[in-house]
Amino acid sequence: MDTIEKYDLIYAVIARIPRGSVTTYGRIAAAAGLPRNARLVGRALRAAPDGADLPWHRVLNAHGAISPRDEASDERDQRRLLEAEGVTFRRGRVMLSRHLWDPDGGDG
DNA sequence: CGAGTGACGGACG
DNA sequence: CCGTCCGCCACTC
């Protein structure tokens with residue numbers, strides 16, 4: 001299994017995240033058949049081209065928060081995009097009980 | 001090839 | 001709820 005293939009698997013899962021929902025790095029990794037590779041999901045997003053049509057903003061960490069990045073503007077951007085889809089934040093975190101989408105839930 | 005790093009996550013105190 | 005410590009693995013130096 002090449003790294004590129006793993007990235008493609010990860011992208012495929014992210015592409016299925018429904019509008020108005022979010023999921024986590026860990027769940028994406030598991031759904032891609034790569035359990036315990038949450039870091040790889042972040043790395044895949046980092047490597048994803050800008051014009052990749054991926055809903056990258058629907059990916060959060062296990063706490064339902066936006067993971068810190070090099071540029072704080074990206075974090076604000078992500079929150080804006082989510083709020084535009086109706087995703088609500090509570091003390092810097094998304095209410096996962098309300099917006100979480102489980103890739104393995106089959107609810108695609 | 002070895003050491004450090006990071007869009008992460010779970011266990012522990 | 002918070003800080004700390006490991007496990008994880010591709011990538012960088």
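Since we're looking at a predicted model, the values are computed, not measured. First the proteins, then the strands, lettered A, B, ... as listed; each starts at 1. Atoms considered below: every heavy atom in the structure, side chains included; atoms not considered: hydrogens, waters and symmetry mates.
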Ignoring hydrogens and geometry beyond distance, is the side chain of R69(A) in donor-acceptor contact with the base of dA7(B) at under 3.5 Å? yes
If you compare every side-chain N and O of [X] against the phosphate oxygens of [N] (OP1, OP2), does one of them come in below 4.0 Å?
X: R93(A); N: dC1(C); answer: yes
X: Y7(A); N: dA7(B); answer: no
X: R46(A); N: dA7(B); answer: yes

Interatomic distance, [X] [atom1] vs [N] [atom2] [rounded to whole Å]:
X: D70(A); N: dT12(C); atom1: CG; atom2: P; answer: 14 Å
X: Y25(A); N: dA10(C); atom1: OH; atom2: P; answer: 18 Å
X: Q78(A); N: dA7(B); atom1: CD; atom2: C1'; answer: 8 Å
X: L40(A); N: dC8(B); atom1: CG; atom2: P; answer: 12 Å
X: K6(A); N: dC8(C); atom1: NZ; atom2: P; answer: 13 Å
X: L60(A); N: dG9(B); atom1: CG; atom2: C1'; answer: 14 Å
X: E5(A); N: dC9(C); atom1: CD; atom2: C1'; answer: 16 Å
X: L96(A); N: dC8(B); atom1: CG; atom2: P; answer: 15 Å

Any Lys/Arg nitrogen of R27(A) or D102(A) sitting under 4.0 Å from an Asp/Glu carboxylate oxygen of the other? yes
Reported [atom1]-to-[atom2] distance for the pair [X] and [Y], which is rounded to 0.5 angstrom:
X: T88(A); Y: H99(A); atom1: OG1; atom2: NE2; answer: 3.5 Å
X: R58(A); Y: R19(A); atom1: CZ; atom2: CZ; answer: 7.0 Å
X: S21(A); Y: R98(A); atom1: OG; atom2: CZ; answer: 10.0 Å
X: L100(A); Y: L60(A); atom1: CG; atom2: CG; answer: 9.0 Å
X: N37(A); Y: L9(A); atom1: CG; atom2: CG; answer: 11.0 Å

How is L45(A) classified with respect to the nucleic acid when contacts are heavy atoms under 4.0 Å: base, sugar-phosphate, or nothing? base
Its dot-bracket string being built from Watson-Crick and G-U pairs below 3.5 Å, with | for another strand and [ ] for crossing, DNA chain B has the pattern .|||||.||||||
Kindly point out which of [options] is positioned nearest to the side chain of [X]?
X: N61(A); options: dA10(C), dC8(B), dA7(B); value: dC8(B)
X: W56(A); options: dA7(B), dG7(C), dG10(B); value: dA7(B)
X: N37(A); options: dC8(C), dC8(B), dT5(B); value: dC8(C)

Which residue lies toward the 5' end of DNA chain C, R43(A) or P35(A), if each is placed at its nearest nucleotide? P35(A)
Looking only at heavy atoms, the pair that brings P55(A) and A15(A) closest together is CD-CA, 4.0 Å
